[in-house]
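Proteins come first, then strands; the chains are lettered A, B, ... in the order of their sequence lines, and each starts at number 1.
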Protein chains: 2
Amino acid sequence: MSQRIRVHCINVSADGVGAGHEQSLDRPFGSDVSPGDLFFWLGATAHWLNRTDPGGTRGMEDYISRDYTRNIGAEIMGRNKFGPQRGPWENEDWTGWWGDEPPFHTPVFVLTHHPRPSFSLSDTTFHFLDATPQEAADRAKAAAEGQDVRLGGGVRTIREFLDAGLVDEMHIAVVPIELGEGIRLWDSSEELTDRYEHEQVSAPSGVTHHFFWRD
Amino acid sequence: MSQRIRVHCINVSADGVGAGHEQSLDRPFGSDVSPGDLFFWLGATAHWLNRTDPGGTRGMEDYISRDYTRNIGAEIMGRNKFGPQRGPWENEDWTGWWGDEPPFHTPVFVLTHHPRPSFSLSDTTFHFLDATPQEAADRAKAAAEGQDVRLGGGVRTIREFLDAGLVDEMHIAVVPIELGEGIRLWDSSEELTDRYEHEQVSAPSGVTHHFFWRD
């Protein structure tokens, strides 16, 4: 099976918003969005990557958690997933939200117009690229050594890769809240059904899981 | 996380039947049951273990396929999953349904009152045990070297392990057909909800997926 670019566990509101404006250190998803409003279903699962206590659910949504790292050899993310800074780096002290043990365990390519030197934390290495989606995809696929590449978000980055025709499969969780303002993945999931196979499944959590794929 | 005994991708009819009577070489699920009636949803997925052609779906049911081998270090199966023979072995020529490359890739423990010597096909080794469920669980866990054990069926074997309190999590696919006669997993999924967390999710295929787990 050839290498694929996969989107996993990206959460949007019922009106298609993945993050609010005014991202900050205290509000990584923007001033109006609590991460828990979007991630509650994922945080409840037994295999959630950031789980530290035992327990957790093992239903359908846990199967989605279980797949997050399967056959992934690299991640691509937008700069705004990496941190709240904008423009030239004032300093390079910021090393992401994830502490000394980031949950990626692979090379991670951060897209930015302001590259800085690569660095490693535990078994994750962050590289900074000023590149087109295609160039970033090529770099990440080479680094993944035959495994797939996770496109980690945020929604603006995913939109750019969708527009460039680079996404092979995508899981989007639509949570039952309305956000109104913010950074939007789509107006409707129907926008993508001319290009992808599409399936949606309702979970007992109240979340509707959308799956898109192409061969 | 401690070792768990997991049931995956076991299919039953809407009336709880997993296989018909009169199993034979030509009819591995019994005279009245076509495997395709039970397995169609699994066979449609991209990650189905026995897939030889490209393509396949990548929706919710494919996530279930993807999990089939994850962190599995051994399988336990009943003799009737291994083959249609009953009683003492007339000869030991029969080596299972799966050809020279069985899809297990781990030790497999076949429960039978008529043990025979172990043998290997590719990276699968079949062992034959005349043992209680608890004894078989202990042997398989030791062989799995820290990974989980898949309890592979059939439904009579699963029932025995459920009754012995040995199953930690279980995925059962309820397909929308009625079989009436046959080997029954349950009269109703409600039988297990005093002992397990339980979730059910309807897939676009028409199959209802039941998930049971305990901590």
Original post:
In Å and rounded to the nearest 0.5 Å, what is the CD1 to CD1 distance from B:Ile64 to A:Ile64?
Top reply: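 If we round to the nearest 0.5 Å, B:Ile64:CD1 and A:Ile64:CD1 are 9.5 Å apart.
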Could you check whether atom [atom1] of [X] has more than 12 heavy atoms from other residues, nucleotides or ligands sitting under 6.0 Å from it?
X	atom1	answer
B:Asp163	CG	yes
B:Arg156	CZ	no
B:Arg139	CZ	no
B:His21	NE2	yes
B:Glu191	CD	yes
B:Asp194	CG	yes

**OP:** Please look at A:Thr57 and chain B and tell me whether the side chain, the backbone, both or neither of the residue comes under 4.5 angstrom of a heavy atom of that chain.
**Re:** both
**OP:** Give, as side chain, backbone, both or neither, the part of B:Arg70 having an atom under 4.5 angstrom from any heavy atom of chain A.
**Re:**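 B:Arg70 touches chain A through side-chain heavy atoms alone.
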Subject >> B:Glu169 portion near chain A, given a 4.5 angstrom heavy-atom threshold >> reply: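 When you check distances to chain A, only side chain atoms of B:Glu169 fall under 4.5 Å.
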Subject >> Non-hydrogen side-chain atoms of A:Met60 and B:Met60 separated by less than 4.5 Å >> reply: yes
Original post:
Hey, does A:Arg4 have a side-chain heavy atom less than 4.5 Å from the side chain of B:Arg58?
Top reply: yes
**OP:** Classify the ring geometry between B:Tyr63 and A:His8 as parallel (under 30°), tilted (30 to 60°) or perpendicular (over 60°).
**Re:**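 Ring orientation, 0 to 90° scale: perpendicular.
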Original post:
Can you name the nearest heavy-atom pair linking B:Glu199 to A:Pro204, along with the distance?
Top reply: CG-CG, 3.3 Å
Subject >> Top contributor to chain B interface from A:Asn71, A:Asp62, A:Val201 [non-hydrogen pairs under 4.5 Å] >> reply: A:Val201
